[in-house]
2 protein chains.
Amino acid sequence: MSGIRAQQKEKTRRQLIDAALGQLSADRSFSSLSLREVAKEAGLAPTSFYRHFSDMDELGLTLVDEAGLTLRQLMRQARQRIEKGGSVIQISVRIFMEFIESNGNIFRLLLRERSGTSPAFRAAVNREISYFTLELCDYLQQANKLDAEVASLQANAAVTIVFSAGSDALDADKKDREHLAYRTIQQLRFIARGAMELGQRIEVNKS
Amino acid sequence: MSGIRAQQKEKTRRQLIDAALGQLSADRSFSSLSLREVAKEAGLAPTSFYRHFSDMDELGLTLVDEAGLTLRQLMRQARQRIEKGGSVIQISVRIFMEFIESNGNIFRLLLRERSGTSPAFRAAVNREISYFTLELCDYLQQANKLDAEVASLQANAAVTIVFSAGSDALDADKKDREHLAYRTIQQLRFIARGAMELGQRIEVNKS
DNA sequence: TAGAATAGCGTACACGTGTACACTGAAAAC
DNA sequence: GTTTTCAGTGTACACGTGTACGCTATTCTA
């Protein structure tokens with residue numbers, strides 16, 4: 001049932017995806033990639049591209065999904081390390097920075113398409129980020145016994161800060177990155193502390 | 001000495017700038033603009049473009065400067081309203097949201113080029129944002145008597161949060177924007193409170 | 001007032017783009 | 001074993017791009 005044919009098709013599909021990912025870099029955005037370039041890099045005739053994607057946009061959305069997948073693997077990894085004990089904030093930031101270091105181009109893709117010209121891309125990226133945020137929100141609510149709204153606000157702010165730091169890290173050298181990580185950790189502490197203090201007050205006001 | 005000639009030149013230069021700004025929109029980024037399109041929109045022959053800019057990049061950097069100017073005018077406006085009294089955070093967020101509403105495309109330009117493919121563009125945008133942050137930092141240090149480092153951390157975090165909210169606001173309708181503004185205000189309060197509390201502790205540790 | 005400088009125009013060229021179309025050979029279906 | 005399906009190829013086309021080059025008309029300079 002696997003089908004020697006379907007198998008081969010899947011393989012060249014991957015070649016296209018990998019070719020696209022491989023061309024992404026600091027000075028090459030997805031939107032600047034041409035169908036012909038990607039096909040060529042994958043060792044395909046330009047017109048064969050259409051056997052797999054109807055559009056460069058369709059390829060792009062696939063890439064965003066891949067990126068989201070990578071991001072979620074990251075979270076799983078983080079959770080495991082956190083369960084072994086240690087500062088949640090420190091571990092999270094360190095893991096995220098490691099992600100940037102080894103997946104810079106994937107992260108760039110997310111950053112760029114988030115503010116890009118395609119509504120579909122923007123929506124796709126925001127969806128991935130909202131998964132990320134939601135998981136953090138659940139964690140905060142459970143671990144810190146926070147009000148749902150407060151946890152949501154804190155999670156959103158934290159993810160924003162971390163992503164922004166990741167963006168800065170892309171252009172930074174090793175030295176700067178350490179400083180960046182320290183800064184981010186402090187800022188996340190500010191937010192956590194503020195959420196604790198003001199969260200209680202919001203609760204009181206509600207009752 | 002003004003020179004009827006230099007005067008005319010300046011005028012068509014502005015036409016080019018305005019033509020470029022006018023073409024920017026939610027689904028049209030600067031990098032997708034072609035020299036020919038801009039020249040045409042400005043009512044010029046393609047080759048005449050070179051009399052004013054050597055490159056589309058040069059035009060782009062000029063646009064970023066313009067955007068930075070607009071941003072600084074915004075700050076001046078905010079300071080005036082704050083001096084008349086009222087919540088600093090609330091007024092700042094409201095003003096920023098008004099800015100997004102009436103200068104969406106300029107803000108989009110900054111957002112996009114910040115993560116774009118041109119190092120020069122990225123640097124230019126980050127410079128403008130750092131002016132913004134520095135002014136806020138000075139204010140915080142002075143008004144809240146904060147430690148320089150703490151003020152810097154808080155200012156950076158606040159600007160990050162506000163810009164991110166601005167980014168979200170671009171795709172939001174009026175209803176969503178109010179909610180967004182509320183969320184942002186809460187988050188800024190978290191940060192401010194956290195900075196106050198933890199800032200003191202940092203001071204203590206230092207001594 | 002003669003000559004230099006220059007903003008703007010039109011033509012021309014090479015190049016990269018997306019994609020329509022007809023074709024081939026191998027796997028799948030019957 | 002025959003027919004059908006289909007991943008991949010090569011050719012071809014129209015189009016938009018940046019920009020080199022020579023020209024004109026007007027303003028500036030001396």
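Nothing here was measured: the structure is a model prediction, and the numbers come from that model. A note on names: the letters A, B, ... follow the listed sequences, proteins ahead of strands, and every chain is numbered from 1.
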B/Asp55 CG to D/dG18 C1': how many Å, rounded?
10 Å

Which residue lies toward the 5' end of DNA chain C, B/Ala45 or A/Leu33, if each is placed at its nearest nucleotide?
B/Ala45

Rounded to the nearest Å, what distance is computed from the CD atom of residue A/Glu10 to the C1' atom of nucleotide D/dC6?
16 Å

Check nucleotides 15-17 of chain D against the protein and report each pair of N or O atoms closer than 3.5 Å, with its distance, or say if there are none.
unit_1: D/dT17; atom_1: OP1; unit_2: B/Ser34; atom_2: OG; d: 2.7

Tell me whether A/Glu98 is salt-bridged to A/Arg81, with the criterion being a basic N under 4.0 Å from an acidic carboxylate O.
yes

Identify, between B/Arg5 and B/Pro46, the residue whose nearest nucleotide on DNA chain C lies closer to the 5' end.
B/Arg5

Interatomic distance, A/Gln7 CD vs D/dA7 P [rounded to whole Å]:
15 Å

Below 30° counts as parallel, above 60° as perpendicular, anything between as tilted: where do the rings of B/Phe99 and B/Phe107 land?
perpendicular

Measure CE/A/Met56 against C1'/C/dG18 and give the value in whole Å, please.
11 Å

How many Å lie between NZ on A/Lys40 and P on D/dT9, as a whole number?
14 Å

With distance as the sole criterion, do the side chain of A/Thr47 and the base of C/dG18 form a donor-acceptor contact below 3.5 Å?
no

Pairwise 5' ranking along DNA chain D for B/Ser54 and A/Thr12, keeping only the more 5' one
A/Thr12

Output yes when a side-chain donor or acceptor of A/Ser32 lies under 3.5 Å from a complementary backbone atom of A/Arg28, and no otherwise.
no

With the side chain defined as heavy atoms from C-beta on, B/Ile4 is closest, among C/dG8, D/dC28, D/dT11, to D/dC28

A/Gln8 CD to D/dG8 C1', in whole Å, measures 10 Å

Could you state the atom-to-atom distance from CG of A/Leu59 to P of C/dG18 in whole Å?
12 Å

In chain order, what residues pass the side-chain contact (heavy atoms from CB on, under 4.5 Å) check against A/Asp168, with sequence neighbours excluded?
A/Ser164, A/Leu180, A/Arg183, B/Arg114

Who pairs with A/Asp27 by side-chain contact (heavy atoms from CB on, under 4.5 Å), at least two apart in sequence or on another chain?
A/Ser25

Give a yes or no answer on whether the side chain of A/Gln187 reaches the backbone of B/Leu153 with a donor-acceptor pair at less than 3.5 Å.
yes

Would you say that A/Glu58 contacts A/His52 through its side chain, given a criterion of any heavy-atom pair below 4.5 Å between the two side chains?
no

Does D/dA7 have OP1 or OP2 sitting under 4.0 Å from an N or O in the side chain of A/Ser48?
no

Specify the separation, in whole Å, of atom CZ of B/Arg51 and atom P of D/dC23.
14 Å

